[in-house]
Novice: 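Following this message is one structure expressed as structure tokens.
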Amino acid sequence: MNVGDGEAAVGAEACGTCGAADEDCSCAQCPTESCPPLQVATPNSDVEEWHESMGQWLASGGGQIPAGHTGQPPVESAPTELLVAILSLVDPKTLLLSVPAVCRRWRRACPLIPAVNLDLTFLPRGAAMRRAVDSTKKVRWFVGLFTRHPQVANVNLREFATLTDDCVEAIARHCPQLKSVNFTCCHNLTRSSAVALALRCTQLTAVTFRGCGGWIDSFVEGLMDALRINGTIKDVELGHNNLGTERGTALADALKVNRGVTGVGLQFNALGPTAGVALGEALNTNTFVTCINLCDNNLDAEVARAFGRVLQTNRTLKKLDLCENDLGVDGAAALAEGLKANDALEGLNLECTNLGPDGGKAIAEALKVNKTLRCINLHWNELGPEGGMAIAEALRLNQGLRNMSLCWNGLGPEAGERVGLALKVNTTLQSLDLQRNAIGAQGGIAMADALKVNRALCTINLDWNDMGEDACQAISDALLVNTAISEVFVEQCTAVLDEVDDAAIAEAKKMNHAGHAPNH
């Protein structure tokens with residue numbers, strides 16, 4: 001966009017603050033009687049001349065107007081290119097709210113600022129902004145803010161409860177370079193907002209409409225249209241909207257034909273088994289989605305079977321979140337079969353999915369042969385000693401996992417010892433969470449022995465395991481020779497010596513890093 005075009009475009013607008021024509025605006029007067037117009041171009045000689053006059057002005061303490069300047073400080077007569085360069089350094093909120101109110105010239109310069117990644121984030125603490133949007137009389141003022149900034153790339157209007165379709169449509173109309181929008185908890189938007197964004201913002205890649213409640217019926221319909229119209233949208237976040245089965249199934253139908261979306265957030269939506277199975281079937285044909293979050297949606301083993309089939313054939317899905325759904329043993333078995341054949345999935349979240357010992361064994365068998373999974377969360381699944389020992393055996397053989405969470409699974413001392421033995425030979429796991437597993441002294445000593453030889457593990461969490469003083473001391477001693485570990489957590493691991501244990505381990509880590517160079 002060149003300077004001449006910018007002046008013409010802005011000069012025809014009404015002031016976003018008072019609503020008057022730009023020439024008649026009285027809310028942003030220049031500090032001098034005359035405001036120099038924006039120039040089409042400024043030769044380098046003009047910039048040099050301005051620098052010279054500015055130097056004279058500063059040397060005089062700012063009180064003497066240099067020769068050749070009629071009653072106007074050099075700051076106000078800065079060449080346009082220099083003014084734009086200076087304003088481009090201003091933070092986005094100030095640029096949006098304050099700069100246009102200085103004078104007409106500054107206001108006209110705003111659209112000339114390069115289309116850098118401006119992130120205009122208005123959080124709930126911005127009470128003045130919320131009041132402006134809440135008042136119908138001030139909607140024009142709010143729209144005017146974006147009118148002057150067509151280069152805005154990211155807009156976050158989270159928790160603007162009374163934001164209207166008119167505002168969103170104006171943002172879409174005046175900011176065609178938008179790449180991401182966040183309208184979380186904006187309860188008054190409808191289908192027209194989604195369609196306006198899809199039609200006008202052809203660079204839009206991420207949309208967030210989390211917790212938007214009452215308008216979701218109309219909006220889902222609009223989103224379906226948006227996904228058909230706009231092929232650039234990559235990430236769709238619709239969590240906490242109580243979509244239910246019917247709307248969830250409609251989204252699944254859209255995903256069957258959509259070829260743009262790669263990330264889908266549907267957590268906490270009460271989708272139910274029918275919509276869950278439909279989403280699984282959609283991913284059997286959709287080869288573009290790489291990440292889907294279905295946390296806490298009342299899903300069951302049948303849904304797990306559908307996604308087990310997805311894992312056997314789909315080669316694009318990278319992250320799958322099924323946490324807080326009652327998948328049970330049968331669901332674990334179905335997912336395990338999919339994992340055995342899968343060579344694409346990198347992250348799997350099965351936290352609190354009621355796997356039990358047999359479900360843990362099924363997942364363990366899959367981990368023995370799967371080579372691509374990098375992160376798995378089995379937190380709070382009542383794996384017990386049997387499931388824990390099966391996972392330990394899988395860790396001994398697996399060479400793909402980097403992060404594993406096993407906390408709150410009641411593994412017990414023997415399974416804890418088996419995990420320790422596995423860590424002696426595992427060369428890839430970097431982070432392990434074993435909080436609250438009652439591994440006791442037996443498991444603690446095994447962990448200490450593992451830390452003496454393991455050079456891959458960077459973080460291990462052993463909080464609340466009642467390992468006792470001897471095990472904690474053994475871990476402290478191990479850290480004197482281990483040059484790779486960076487974090488070890490042992491809170492509440494003895495009855496009375498927690499602070500002593502923490503201090504001893506901290507001192508061991510300090511001595512370790514003082515005497516050795518890390519091998520990472």
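No hydrogens, no waters, no symmetry mates; every other heavy atom, side chains included, goes into these values.
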Novice: For Lys319, I'd like to know if atom NZ has over 12 heavy atoms of other residues, nucleotides or ligands within 6.0 Å.
Specialist: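 Open: at most 12 neighbouring heavy atoms sit under 6.0 Å from NZ of Lys319.
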Novice: Over all heavy atoms of both residues, which pair between Ala441 and Ala471 is shortest? Give the atoms and the distance, please.
Specialist: O-CB, 4.2 Å
Novice: Do you know the tightest heavy-atom contact between Ser431 and Asn403?
Specialist: CB-OD1, 3.0 Å
Novice: Does a side chain donor of either Asn354 or Asp326 reach within less than 3.5 Å of an acceptor in the other side chain?
Specialist: yes
Novice: Identify the two heavy atoms, one from Ser180 and one from Asn154, that lie closest to each other, and give their separation to 0.1 Å.
Specialist: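 Minimum heavy-atom separation between Ser180 and Asn154: OG-OD1, 2.6 Å.
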Novice: Please report the C-alpha distance between Asn293 and Leu266 in whole Å, then the side-chain angles of each, then the deciding distance to 0.1 Å, and finally whether the side-chain contact (heavy atoms from CB on, under 4.5 Å) criterion is met.
Specialist: CA-CA 6 Å; Asn293 187 343; Leu266 294 172; over 6 Å; no
Novice: Is the closest basic N to carboxylate O distance between Lys361 and Glu386 below 4.0 Å?
Specialist: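 Yes, Lys361 and Glu386 are salt-bridged.
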Novice: Grab the two heavy atoms, one from Cys323 and one from Cys295, that are nearest each other, plus how far apart they are.
Specialist: SG-SG, 2.8 Å
Novice: Would you tell me whether Asn381 and Thr353 have side-chain atoms, one donor and one acceptor, within less than 3.5 Å of each other?
Specialist: yes
Novice: Counting only heavy atoms not in Gln203 (residues, nucleotides, ligands), do more than 12 fall under 6.0 Å from its CD?
Specialist: yes
Novice: So, Ser192 versus Glu169: side-chain donor-acceptor pair below 3.5 Å or not?
Specialist: yes
Novice: Establish, from distance only, whether the side-chain atoms of Ser405 and Glu351 form a donor-acceptor pair under 3.5 Å.
Specialist: no
Novice: Which pairs with one or both residues in residues 255-274 pass ring pair (Phe, Tyr, Trp, His ring centres under 6.0 Å), sequence neighbours excluded?
Specialist: His240-Phe268
Novice: Looking at Asp470, I'd like to know if its CG atom is crowded, meaning that more than 12 non-hydrogen atoms belonging to other residues, nucleotides or ligands lie closer than 6.0 Å.
Specialist: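 Atom CG in Asp470 is not crowded, with 12 or fewer foreign heavy atoms closer than 6.0 Å.
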Novice: Taking the side chain as everything from C-beta on, heavy atoms only, tell me whether Ile363 gets closer than 4.5 Å to Ile376.
Specialist: yes
Novice: Verify, without hydrogens or angle tests, whether Asp463 (side chain) and Arg436 (backbone) share a donor-acceptor contact under 3.5 angstrom.
Specialist: no
Novice: Which residues pass the side-chain hydrogen bond (donor to acceptor under 3.5 Å, both in side chains) test with Asp343, not counting sequence neighbours?
Specialist: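 In terms of side-chain hydrogen bond (donor to acceptor under 3.5 Å, both in side chains), with neighbours along the sequence ignored, Asp343 is linked to Arg315.
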Novice: I'd like to know whether Asp235 forms a side-chain contact (heavy atoms from CB on, under 4.5 Å) with Val261, so could you lay out the CA-CA distance, the side-chain angles of the two residues, the decisive distance to 0.1 Å, and finally the verdict.
Specialist: CA-CA 6 Å; Asp235 295 299; Val261 172; over 6 Å; no
Novice: Return yes when atom NZ of Lys256 has more than 12 non-hydrogen atoms of other residues, nucleotides or ligands closer than 6.0 Å, and no otherwise.
Specialist: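 Yes, the 6.0 Å shell around NZ holds more than 12 heavy atoms from other groups.
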Novice: Could I get the full list of side-chain hydrogen bond (donor to acceptor under 3.5 Å, both in side chains) partners for Lys368, not counting sequence neighbours?
Specialist: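 Result, side-chain hydrogen bond (donor to acceptor under 3.5 Å, both in side chains) vs Lys368: Glu365.
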Novice: Phe288 and Thr316: which non-hydrogen atoms are nearest, and at how many Å?
Specialist: N-OG1, 4.0 Å
Novice: Evaluate whether atom CD of Gln442 has more than 12 neighbouring non-hydrogen atoms of other residues, nucleotides or ligands under 6.0 angstrom away.
Specialist: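 Result for CD/Gln442: enclosed.
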Novice: Could you tell me whether Arg210 and Glu237 make a salt bridge, using a distance below 4.0 angstrom between a side-chain N and a carboxylate O?
Specialist: yes
